[in-house]
Q: 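Here you go, one structure.
Hydrogens, waters and symmetry mates play no part in the numbers below; they use all other heavy atoms, side chains included. These numbers come from a predicted model, not from an experiment.
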Amino acid sequence: EATLSCRYVLCEVASEDPRCRQCIEDRAVCLAVRDAIGRVHGDYGLACCSVSFTVKYLNAYTGTVLLRCRKDFYRLLCSALPFVRQLESRNQRYPCALRTLHVGGTIRTCQKFLIQYNRRQLLMLLQNCTNEEERRCIQKSLLSCSLTEEQPQSGDEEDDDGIE
């Protein structure tokens, strides 16, 4: 599987229900995405996307999800993501949407994109600050936006193909 070229799809879970963040877990996201792929592309699309499909990273606090799939089928995956309408956890359903932020050839390109994206979001918040304390907190957060050097994990850093 390490020789297969993959694409990484960075998504954001958007929901107006604050309880939705509590149910964001790998299994719930995986099931919701597979269900959407099956509804949009049928059994063939689901079979194509299931090869090496996984949730590589999930941050329930920020609602950030990183999905991995085969390079050949990432368009099938991306086209089904807007059809994710809910996450289910402990027999509760929470309405939400998965918004694609970036598609990259490596986890690292997705990390770099996410840092820039978060920086832009913080700058927008900074413009809307109502007091000096908020301003200081956001400026501190802006200064801490950086990518720390880590050793690449096996197989996950190959095959960038220039998608950034």
Q: Do Ile24 and Val9 sit in one hydrophobic cluster, given that two such residues count as connected whenever their side-chain heavy atoms are within less than 4.5 Å of each other, even indirectly?
A: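 The answer is yes; both residues are in one hydrophobic cluster.
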
Q: Do Leu101 and Thr64 make a side-chain contact, defined as non-hydrogen atoms from C-beta onward lying under 4.5 Å apart?
A: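 Heavy-atom side-chain distance check fails, nothing below 4.5 Å.
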
Q: Considering all heavy atoms of both residues, which atom of Ala36 and which atom of Val84 are nearest to each other, and what is their separation?
A: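 Closest approach of Ala36 to Val84: CB-CG2, 3.8 Å.
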
Q: Are more than 12 heavy atoms, taken from residues, nucleotides or ligands other than Arg120, located less than 6.0 Å from that residue's CZ atom?
A: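 Buried by this count: over 12 neighbours within 6.0 Å.
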
Q: Examine Val103 and Val65 and state if one hydrophobic cluster contains both, with Ile, Leu, Val, Met, Phe, Trp and Tyr joined whenever side-chain heavy atoms are less than 4.5 Å apart.
A: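 Yes, because Val103 and Val65 connect within a single hydrophobic cluster, where side-chain heavy atoms sit under 4.5 Å apart.
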
Q: So which pairs with a foot in residues 72-88 pass salt bridge (charged side-chain N to carboxylate O under 4.0 Å, His left out), sequence neighbours left out?
A: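 For residues 72-88, and leaving out neighbouring residues, the salt bridge (charged side-chain N to carboxylate O under 4.0 Å, His left out) pairs sorted by first residue read Arg70-Asp72, Glu88-Arg93.
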
Q: Looking at Asp35, Thr54, Val55, which hits side chain to side chain contact (heavy atoms under 4.5 Å, CB included) with Cys30?
A: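 Going through the options one by one, the only one that passes is Val55.
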
Q: Taking all atoms of both residues into account, what is the closest heavy-atom pair of Val13 and Cys96, and its distance?
A: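 So the minimum-distance heavy-atom pair works out to CG1-CB, 4.0 Å.
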
Q: If every non-hydrogen atom of Pro95 is compared with every non-hydrogen atom of Ser15, which pair is closest and at what distance?
A: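 Closest approach of Pro95 to Ser15, heavy atoms only: O-OG, 2.8 Å.
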
Q: Are there over 12 heavy-atom neighbours, none belonging to Phe83, within less than 6.0 Å of that residue's CZ?
A: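 No - once you tally the heavy atoms of other residues, nucleotides and ligands closer than 6.0 Å, there are 12 at most.
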
Q: Can you name the closest pair of heavy atoms from Thr109 and His102 and give their distance?
A: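 Here Thr109 and His102 meet closest at O-NE2, 4.0 Å.
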
Q: Could you give the distance from CD (Glu25) to CG (Leu31), rounded to the nearest 0.5 Å?
A: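 So the gap between those two atoms works out to 9.5 Å.
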
Q: Rounded to the nearest 0.5 Å, what's the gap from CD on Gln127 to CG on Leu122? Could you check?
A: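 CG of Leu122 is found 11.5 Å from CD of Gln127.
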
Q: Hey, what do you get for SG (Cys48) to CG (Leu76), rounding to the nearest 0.5 Å?
A: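 Answer rounded to 0.5 Å: 6.0 Å.
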
Q: For the CG atom of Asp17 and the CG atom of Leu87, what is their distance to the nearest 0.5 Å?
A: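 One finds 10.5 Å between CG of Asp17 and CG of Leu87.
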
Q: Going by heavy atoms in the side chains, are Leu10 and Tyr117 under 4.5 Å from each other?
A: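 In short, these two side chains do not touch, never coming nearer than 4.5 Å.
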
Q: Considering all heavy atoms of both residues, which atom of Ser52 and which atom of Cys69 are nearest to each other, and what is their separation?
A: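 Of all heavy-atom pairs spanning Ser52 and Cys69, the closest is OG-C, 3.9 Å.
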
Q: So which atom in Gln86 and which in Ala32 form the shortest heavy-atom distance, rounded to 0.1 Å?
A: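 Scanning both residues, the minimum pair turns out to be O-CB, 3.6 Å.
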
Q: Is it the case that one hydrophobic cluster holds both Val33 and Tyr74, taking links as side-chain heavy atoms less than 4.5 Å apart, direct or via other members?
A: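 Per the 4.5 Å side-chain linkage, Val33 and Tyr74 are co-clustered.
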
Q: So do Leu81 and Leu67 actually touch side chain to side chain, heavy atoms under 4.5 Å?
A: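 Yes, at least one pair of side-chain atoms sits under 4.5 Å.
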
Q: Is it true that atom CG of Asn131 has more than 12 heavy atoms of other residues, nucleotides or ligands lying nearer than 6.0 Å?
A: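 Buried by this count: over 12 neighbours within 6.0 Å.
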
Q: Any chance you could measure Asn59, atom CG, to Leu114, atom CG, to the nearest 0.5 Å?
A: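 Result: 9.0 Å between the selected atoms.
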
Q: To the nearest 0.5 angstrom, please state how far the NE2 atom of His41 sits from the SG atom of Cys49.
A: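 Output value for this atom pair is 6.5 Å.
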
Q: Among all residues two or more places apart in sequence or in another chain, which pass the side chain to side chain contact (heavy atoms under 4.5 Å, CB included) test with Leu46?
A: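 Residues passing side chain to side chain contact (heavy atoms under 4.5 Å, CB included) with Leu46: Arg34, Ile37, Ser50.
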
